[in-house]
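This report refers to the structure that appears directly beneath it.
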Protein chains: 4
Amino acid sequence: MSKEKIIHAAIEVFSENGYHRASMDEIALRAQVAKGTLYYNFPSKSQLFKTVVKAGFEDIMRRTEADLNAPLPLEEMIFRIIRHHLDLFLESRHFAHIVFNEISNGIEQDVLDELKQLRREHLNFLAKILEEGKCEQNLLRDLDANLAAASIVGTMESACNYYLSHQDEYSRQDLEHFIFTVITKGLFISID
Amino acid sequence: MSKEKIIHAAIEVFSENGYHRASMDEIALRAQVAKGTLYYNFPSKSQLFKTVVKAGFEDIMRRTEADLNAPLPLEEMIFRIIRHHLDLFLESRHFAHIVFNEISNGIEQDVLDELKQLRREHLNFLAKILEEGKCEQNLLRDLDANLAAASIVGTMESACNYYLSHQDEYSRQDLEHFIFTVITKGLFISID
Amino acid sequence: MSKEKIIHAAIEVFSENGYHRASMDEIALRAQVAKGTLYYNFPSKSQLFKTVVKAGFEDIMRRTEADLNAPLPLEEMIFRIIRHHLDLFLESRHFAHIVFNEISNGIEQDVLDELKQLRREHLNFLAKILEEGKCEQNLLRDLDANLAAASIVGTMESACNYYLSHQDEYSRQDLEHFIFTVITKGLFISID
Amino acid sequence: MSKEKIIHAAIEVFSENGYHRASMDEIALRAQVAKGTLYYNFPSKSQLFKTVVKAGFEDIMRRTEADLNAPLPLEEMIFRIIRHHLDLFLESRHFAHIVFNEISNGIEQDVLDELKQLRREHLNFLAKILEEGKCEQNLLRDLDANLAAASIVGTMESACNYYLSHQDEYSRQDLEHFIFTVITKGLFISID
DNA sequence: AATGAATGAGTATTCATTCAT
DNA sequence: GATGAATGAATACTCATTCAT
């Protein structure tokens with residue numbers, strides 16, 4: 001009961017403030033529990049943070065996976081991956097920033113390691129989808145799947161970030177289309 | 001004299017710890033000046049941070065520009081842009097992370113605005129290079145140049161990040177080649 | 001428990017040093033609580049100060065009021081007002097100085113406003129007593145009651161101050177008598 | 001040259017901020033001299049403050065004295081004393097507050113002693129005028145002249161203070177008249 | 001299971017003062 | 001006479017964490 005309220009509040013507060021600016025007081029306040037209850041349920045701030053980030057990664061992976069159940073052409077799969085990640089990046093902008101970036105130095109080493117591991121798993125998740133597509137459909141260049149996954153995420157994040165401060169100039173559809181094109185076909189006109 | 005020592009130390013400390021974990025005490029210690037000297041030269045932590053970030057952006061832009069002086073084919077230009085940014089991302093990993101990412105919530109609004117402006121200028125700088133290439137050489141897809149610039153940066157950052165924790169698996173040349181390919185040609189084998 | 005210890009210590013420290021020279025460290029030390037406990041109980045130095053000043057004003061008003069319960073001739077009322085204020089001014093010299101004077105510029109505007117309001121209330125308290133006396137007994141000149149209250153306080157303060165550095169020359173009774181005479185009859189021999 | 005500029009600036013800054021909030025930086029800035037110049041001319045902040053307060057007391061005494069040269073009836077003398085002090089209290093409100101009140105605990109003991117001595121001299125100055133009037137004209141009650149002087153100053157200060165926050169309700173003439181009446185005749189209608 | 005008062009190490013910032021030039 | 005860069009002790013305030021209840 002308390003645990004869920006706390007996680008919920010923590011997502012909000014970490015998202016709005018980043019790890020260091022977020023305070024346990026604020027989280028307790030938002031969760032409507034006493035500060036002590038935080039420490040009754042989570043041993044430390046960084047462990048609470050890890051729980052939140054983990055939930056974020058699991059959520060995006062679960063949501064993506066659910067939508068890729070049926071066998072689909074690779075293009076469609078990539079399009080759906082992009083769409084699901086954009087949902088997260090655009091709707092929970094700050095939370096996404098945290099999940100994907102705020103893995104900062106001020107966190108205890110062991111928690112930091114776990115966070116890095118979570119990020120690696122997410123990349124592996126994407127990389128595996130690409131690998132399967134590569135084998136089955138012979139559409140993908142012979143590039144390292146993990147690096148490819150990383151570059152997909154990087155492109156999405158960076159483009160979303162730009163989009164978010166220039167929403168008047170583009171529609172969400174423009175953004176999706178741009179990202180899909182850039183990821184699949186690159187910037188250049190066929191110089192294969 | 002002091003000013004330079006401080007900036008130098010600040011780059012180190014901010015790079016190693018990020019904005020919030022970095023302490024003015026530590027910076028003073030590393031710069032071998034008294035704490036008061038920091039405040040004699042910079043009005044606040046956030047202003048010092050801005051100075052450092054600004055120097056970073058100016059450095060990467062200056063270095064890139066210097067290498068693009070002569071008229072070059074677009075491919076070569078992009079390749080050089082990538083190489084220069086990789087130099088920064090790989091050699092001064094943490095510094096690059098700060099310059100490109102740590103534009104976080106706990107900074108006074110006015111400094112934050114200036115930082116965002118700096119980031120915008122850097123994107124414009126890259127976008128202009130792309131625009132010129134697009135016009136002259138008709139090689140680029142008709143994509144928004146700013147979004148394209150953003151996606152280039154995002155790709156580089158994310159790939160470098162992955163590379164840095166898997167250096168045993170790739171060479172720097174592999175990385176450069178991967179990024180260049182992904183950016184120019186995308187992941188798919190010619191589905192134009 | 002802590003709260004009371006803190007207020008008690010704060011009265012001492014503010015009294016001895018004035019607002020600006022008083023340090024939160026010193027207050028914590030005297031209250032025998034950790035520095036954090038100060039901020040757990042009071043949001044800021046100025047709020048703590050306000051609490052102390054408020055307590056002072058309330059104390060002097062309560063004590064005075066308690067002694068004016070029964071209907072008394074105006075002269076007697078004024079005499080008692082003087083006596084109670086002298087008790088405060090002489091016994092808690094520094095505290096009184098703070099309560100009545102240290103409403104200085106270096107305090108946040110909102111707290112400053114509250115302090116001024118407290119001072120106004122105290123003057124109103126005295127003015128009302130004078131007003132009632134004026135109506136009922138037709139003894140008082142037709143002077144503005146608030147200004148009259150202000151001048152009573154000013155006279156008491158200034159005379160006490162002088163008295164305190166010249167205690168060998170006067171008795172407390174001399175002082176009381178002097179103040180009463182000056183306030184009621186003025187310096188001149190009947191020039192009505 | 002510098003010395004005068006500094007004193008001038010110091011009067012302003014001390015007046016606006018009180019002793020503790022006033023900073024040597026601000027004074028140097030206003031005086032348009034380097035900070036070192038302050039210390040070239042005055043050994044310390046408190047000495048500079050003393051100089052300023054001394055100037056203030058000397059000024060009010062000189063101005064008052066100049067206007068009491070000719071032999072005048074006591075009433076007129078008191079009236080003029082009030083008027084000159086009101087000029088100071090009302091026109092240079094903060095400066096007056098400093099000169100007459102801000103003799104606070106955070107100042108080195110020896111400077112503090114000198115400041116108290118200055119205040120005593122001012123009271124003596126007023127007391128002497130009263131004494132002379134008492135002897136010559138047999139108008140004054142047989143009250144201690146120093147206490148009387150103190151109570152005059154206290155009345156003026158306190159009434160001015162009240163007046164300054166209620167300027168819409170009274171004219172300066174009202175104030176002068178009130179103070180004169182209260183000081184000479186007291187609050188009561190002849191109960192001699 | 002939950003609380004919230006209490007803690008104290010840590011942080012940014014201020015400012016009177018010094019001193020080499 | 002005058003400067004201003006440099007100092008460092010002092011200060012208000014924050015916040016993750018603890019623990020008795």
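Chain naming here is simple, since letters A, B, ... match the order of the sequence lines and numbering starts at 1 in each.
Rounded to an integer number of Å, the gap from A:Asp25 CG to F:dT14 P is 11 Å. The interatomic distance linking B:Met24 (CE) with E:dG10 (C1') rounds to 15 Å, in whole Å. The nearest whole Å value for the distance from the CD atom in C:Glu108 to the C1' atom in F:dC13 is 11 Å. The CZ atom of D:Phe42 sits 16 Å away from the P atom of E:dT18 (whole-angstrom rounding). Whole-Å rounding puts the D:Ile6 CD1 to F:dT3 C1' distance at 12 Å. Between A:Ile27 atom CD1 and F:dC15 atom C1' there is a gap of 12 Å when expressed in whole angstrom units.
Along DNA chain E, the nucleotide nearest D:Ser46 and the nucleotide nearest A:Ser2 are compared for position; the residue whose nucleotide lies closer to the 5' end is A:Ser2.
When all heavy atoms of C:Phe89 and C:Glu157 are compared, the closest pair comes out as CZ-CG, 3.7 Å.
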- prompt: How does DNA chain F read in dot-bracket, base by base from 5' to 3', with Watson-Crick or G-U pairs under 3.5 Å and | used when the partner is on another strand?
  reply: .||||||||||||||||||||
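A distance-only check finds a donor-acceptor pair linking the side chain of C:Ser23 to the backbone of C:Glu26 [under 3.5 Å]. A side-chain donor-acceptor contact under 3.5 Å links D:Asn41 to the backbone of D:Thr37.
Because its NZ or CZ atom is not both nearer than 6.0 Å to the ring centre of C:Phe42 and within 45° of the ring axis, C:Lys50 does not count as a cation-pi partner of that residue. Under a cutoff of 6.0 Å and an axis angle of 45°, A:Lys3 and A:Tyr40 do not form a cation-pi pair. In this structure, D:Lys54 forms no cation-pi arrangement with D:Phe49, as its terminal cationic atom is not both closer than 6.0 Å to the ring centre and no more than 45° off the ring axis.
Between D:His122 and D:Phe57, the two ring planes are tilted [angle within 30° to 60°].
Near DNA chain F, defined here as any heavy-atom distance below 4.0 Å, the residues from residues 30-39 of chain B are B:Val33, B:Ala34, B:Lys35, B:Gly36, B:Thr37, listed numerically.
Comparing E:dA12, E:dC15, F:dA2 by their closest approach to the side chain of B:Lys45 singles out E:dA12.
In this model, a donor atom of one side chain and an acceptor atom of the other lie less than 3.5 Å apart for C:Asp113 and C:Gln109.
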